[in-house]
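Since the structure comes first, as structure tokens, the remarks are kept for the end.
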Amino acid sequence: MLVRYVLLALPIHQRSFAAYYQAHDRDVQAHRAELEREWGGQPFDELPAHIRLAWKDRFYWPPWFFNDIAGFLKIGTADDALLADVFLQRRFFPATAPERFSRPGSSGADADERDVVFLATIERRPIVAGDNASYVRSCEEIVAEARDTVRLQAQGLAEAEIWLPGFDFTCFDFARADRQLRERFPGRTEPR
């Protein structure tokens, strides 16, 4: 973990928004068909309203934004470079990886599979202090490399996506944010 001044943290999802809702729709269809069989083959839309409402409450899937998170990407600076640390839930590490079994101060038996642990650091990209365009360019490269890293190294995340805001990174003033962080926390040598 090398990021000293954190500029951005982005969730990593197990799959894309569209893929999540395709799985949702398949699951809903299967449960609806089961309910229709229980009611003697009566079509779902013809079932009593209270039955349809109760069924919808029982089979609600939480939204993709919160339910499909596998980890996080922490983007920031160290010295004159932009880099990122990738964190994933234990369950996405290969079965024989030491991260699956241990954490400092605990035995392997109480390692929770949903704990978020360090996976990798994404290679440093040089930046020019005060030049936001260099930060934006580096940030875009880092996000792309992080997505590829997660897809290759994690187990079961071949379709992983890193959530990106609906607007460009150019809307962020990374250079100014980095300058302020360095002014407020001078001489930081330890990662955050």
- Query: Should F167 and L164 be marked as a side chain to side chain contact (heavy atoms under 4.5 Å, CB included) after you check the CA-CA gap, both sets of side-chain angles, and the distance that decides it?
  - Reply: CA-CA 8 Å; F167 46 85; L164 296 173; over 6 Å; no
- Show your reasoning for whether side chain to side chain contact (heavy atoms under 4.5 Å, CB included) applies to L88 and L157. CA-CA 10 Å; L88 289 178; L157 293 178; 4.0 Å; yes
- Message: Would F44 and I51 count as a side chain to side chain contact (heavy atoms under 4.5 Å, CB included) here? Give the steps.
- Response: CA-CA 9 Å; F44 181 81; I51 298 299; over 6 Å; no
- Task: Step by step, work out the salt bridge (charged side-chain N to carboxylate O under 4.0 Å, His left out) result for R124 and D80.
- Result: CA-CA 9 Å; R124 295 169 175 258; D80 61 347; 5.3 Å; no
- Run the numbers on L10 and V143 for side chain to side chain contact (heavy atoms under 4.5 Å, CB included), then give the verdict. CA-CA 9 Å; L10 301 171; V143 168; 4.2 Å; yes
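Judged by the 6.0 Å distance and 45° axis criteria, R15 is not positioned over the aromatic ring of Y20.
Within the 4.5 Å cutoff, the side chain of E145 has heavy atoms near those of the E123 side chain. Contact of the T121 side chain with the L83 side chain is registered, since non-hydrogen atoms from C-beta on lie closer than 4.5 Å. Residues D115 and F87 are not in side-chain contact: their nearest non-hydrogen atoms beyond the backbone lie 4.5 Å or more apart. Residues L181 and L7 are in side-chain contact: their nearest non-hydrogen atoms beyond the backbone lie under 4.5 Å apart. Put simply, the side chain of W163 reaches to within 4.5 Å of the side chain of P165, judged on heavy atoms. Here the side chains of L119 and F92 are not in contact, with every heavy-atom distance at 4.5 Å or above.
A distance-only check finds a donor-acceptor pair linking the side chain of D68 to the backbone of Q14 [under 3.5 Å]. The backbone N or O of I69 lies less than 3.5 Å from a partner atom in the side chain of Q89, making a donor-acceptor pair. Between the side chain of R125 and the main chain of I142, no donor-acceptor pair closer than 3.5 Å is present. Judged purely by atom type and a 3.5 angstrom limit, D168 has no side-chain atom pairing as donor or acceptor with the backbone of C171. A donor-acceptor pair is defined here as one N or O able to donate and one able to accept, closer than 3.5 Å; such a pair exists between the side chain of R151 and the backbone of A160. For the pair Q155 (side chain) and A95 (backbone), a donor-acceptor distance under 3.5 Å is present. The backbone N or O of Y135 lies less than 3.5 Å from no partner atom in the side chain of S138, so there is not a single donor-acceptor pair. Between the N132 side chain and the F172 main chain, a donor and an acceptor come within less than 3.5 Å of each other.
Rounding to the nearest 0.5 angstrom, the gap separating the CD atom in Q42 from the CG atom in L47 is 5.0 Å. Remark: F66 CZ to H13 NE2 distance equals 9.0 Å, nearest 0.5 Å. Rounding to the nearest 0.5 Å places CD of Q153 at 9.0 Å from CZ of F93. For the atom pair CD1 of I122 and CG of D85, the computed distance is 8.5 Å after rounding to the nearest 0.5 Å. Rounded to the nearest 0.5 Å, atoms CD1 (I12) and OG1 (T149) are 9.5 Å apart. Within the model, atoms CH2 of W64 and CZ of F17 stand 7.5 Å from one another, a figure rounded to the nearest 0.5 Å.
One side chain, T77 or R182, offers a donor N or O that lies under 3.5 Å from an acceptor on the other.
Among all heavy-atom pairs drawn from C139 and F174, the shortest one is SG-CZ, 4.1 Å. Across L73 and A146, no two heavy atoms sit closer than the pair CD1-CB, 3.7 Å. V116 and F72 make their closest contact through CG1-CD1, 4.4 Å (heavy atoms, listed as atom of the first residue, atom of the second, distance).
Within 6.0 Å of CZ in R179 there are more than 12 heavy atoms belonging to other residues, nucleotides or ligands. Other residues, nucleotides and ligands contribute at most 12 non-hydrogen atoms within 6.0 Å of the CD atom of E159.
With R32 as the fixed residue, the salt bridge (charged side-chain N to carboxylate O under 4.0 Å, His left out) test singles out one of D27, D25, D45: D45.
If you chain together hydrophobic residues whose side chains sit under 4.5 Å apart, V128 and Y5 never meet in one group.
Relative ring orientation between H24 and Y21 is described as perpendicular, the plane-to-plane angle rising above 60° on a 0-90° scale split at 30° and 60°.
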